Amino acid sequence: MEDRELTPEEKKMKIEAQKRKRNTNIFLFFTVIIQIVVTLAIIIGLFVVSIVLVSLIFGKDNVWAVKIMNVLMFTEFIGGLILGFIVFSAIVRLIIRKFHLEDKLTKEVLDRYKKVEKK
């Protein structure tokens, strides 16, 4: 490949692409942290609510309460993960819209979080 000097327009485009990549990496780093926090908050919230409700309805030392809690904990964990993903996607779409990040992030990231229109 031959080494040639880039035109000013090519340099500008290359710098812009590097800025987008850097901004995208920073954005993805913080969204991972947000996703972990949101998902944990939802799961812990579901756990606390179920523990309180089951202990109020059945009492603390009831055998049925323990069996119900075992089933609830599993379902709440799976449901909390799914609900966490849904809430997280809505939060990220809101952040992108509110801070006008459409021109600062790569197309791949924007396509991942754009809302799919129902027909």
Side-chain angles (χ1 to χ4, degrees):
M1 192 166 135
E2 131 186 358
D3 290 331
R4 66 175 180 87
E5 190 154 332
L6 298 175
T7 65
E9 191 173 292
E10 289 174 329
K11 285 181 184 179
K12 185 177 179 182
M13 288 176 55
K14 189 174 181 179
I15 290 171
E16 184 64 32
Q18 289 173 342
K19 282 182 183 178
R20 278 182 184 249
K21 282 184 182 181
R22 185 190 70 226
N23 291 340
T24 300
N25 288 336
I26 293 169
F27 178 78
L28 290 175
F29 174 76
F30 284 108
T31 57
V32 166
I33 293 171
I34 292 170
Q35 184 173 16
I36 291 169
V37 169
V38 166
T39 304
L40 279 176
I42 290 172
I43 291 172
I44 291 171
L46 289 172
F47 282 176
V48 169
V49 168
S50 70
I51 289 170
V52 169
L53 288 177
V54 170
S55 64
L56 285 175
I57 294 172
F58 292 102
K60 293 180 182 178
D61 297 326
N62 192 327
V63 174
W64 284 102
V66 174
K67 291 180 181 181
I68 290 173
M69 283 307 300
N70 286 336
V71 172
L72 278 177
M73 290 288 181
F74 176 74
T75 9
E76 288 169 346
F77 181 75
I78 301 297
L81 286 175
I82 294 169
L83 190 60
F85 289 134
I86 293 169
V87 170
F88 165 73
S89 293
I91 290 171
V92 170
R93 280 194 300 273
L94 179 73
I95 289 171
I96 290 173
R97 252 193 343 264
K98 182 163 178 83
F99 295 106
H100 308 289
L101 300 177
E102 295 88 0
D103 59 338
K104 295 172 183 70
L105 300 173
T106 60
K107 184 179 179 338
E108 293 83 19
V109 172
L110 294 173
D111 287 346
R112 175 191 282 172
Y113 293 112
K114 75 178 176 184
K115 193 169 187 173
V116 178
E117 297 294 325
K118 294 182 181 179
K119 292 182 180 181

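The structure presented is a predicted model; accordingly, all values stated were derived computationally and were not measured.
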Query raised in the report: Is there a path from Phe99 to Leu110 through hydrophobic residues (I, L, V, M, F, W, Y) whose side chains come within less than 4.5 Å of each other?
Result: yes
**Report entry** Close side-chain approach of Arg112 and Glu108, heavy atoms under 4.5 Å
**Finding:** no
Query raised in the report: Can you list every salt bridge (Lys or Arg N to Asp or Glu O under 4.0 Å) pair that touches residues 81-106, not counting sequence neighbours?
Result: none
Query raised in the report: For the hydrophobic clusters of this structure (ILVMFWY residues joined by side-chain heavy atoms under 4.5 Å, transitively), does one cluster hold both Val32 and Ile91?
Result: no
Query raised in the report: So, do Glu5 and Glu10 sit near enough that their side-chain heavy atoms are less than 4.5 Å apart?
Result: no
Query - Whether Ser55 side chain and Val52 backbone form a donor-acceptor pair below 3.5 Å - result: yes
Query raised in the report: Considering all heavy atoms of both residues, which atom of Leu72 and which atom of Ser50 are nearest to each other, and what is their separation?
Result: CD1-CB, 4.0 Å
Requested in this report: Using the test salt bridge (charged side-chain N to carboxylate O under 4.0 Å, His left out), find all partners of Glu16 that sit at least two apart in sequence or belong to another chain.
Outcome: none
Query - Common cluster, Leu94/Val109, ILVMFWY with side-chain heavy-atom separation under 4.5 Å - result: no
**Report entry** Audit row: Thr31, Gln35, side-chain contact (heavy atoms from CB on, under 4.5 Å) steps and yes/no
**Finding:** CA-CA 6 Å; Thr31 57; Gln35 184 173 16; over 6 Å; no
**Report entry** Closest heavy-atom pair and its distance - Phe47, Phe77
**Finding:** CE2-N, 4.0 Å
Query raised in the report: Is there a chain of hydrophobic side chains (I, L, V, M, F, W, Y, each step under 4.5 Å between heavy atoms) that links Met69 to Leu46?
Result: no
Requested in this report: Of all the heavy-atom pairs spanning Gly59 and Ala65, show the shortest one and how long it is.
Outcome: O-CB, 3.8 Å
Query raised in the report: Are Phe74 and Ile51 connected in the hydrophobic side-chain network, where two residues link if heavy atoms are under 4.5 Å apart?
Result: yes
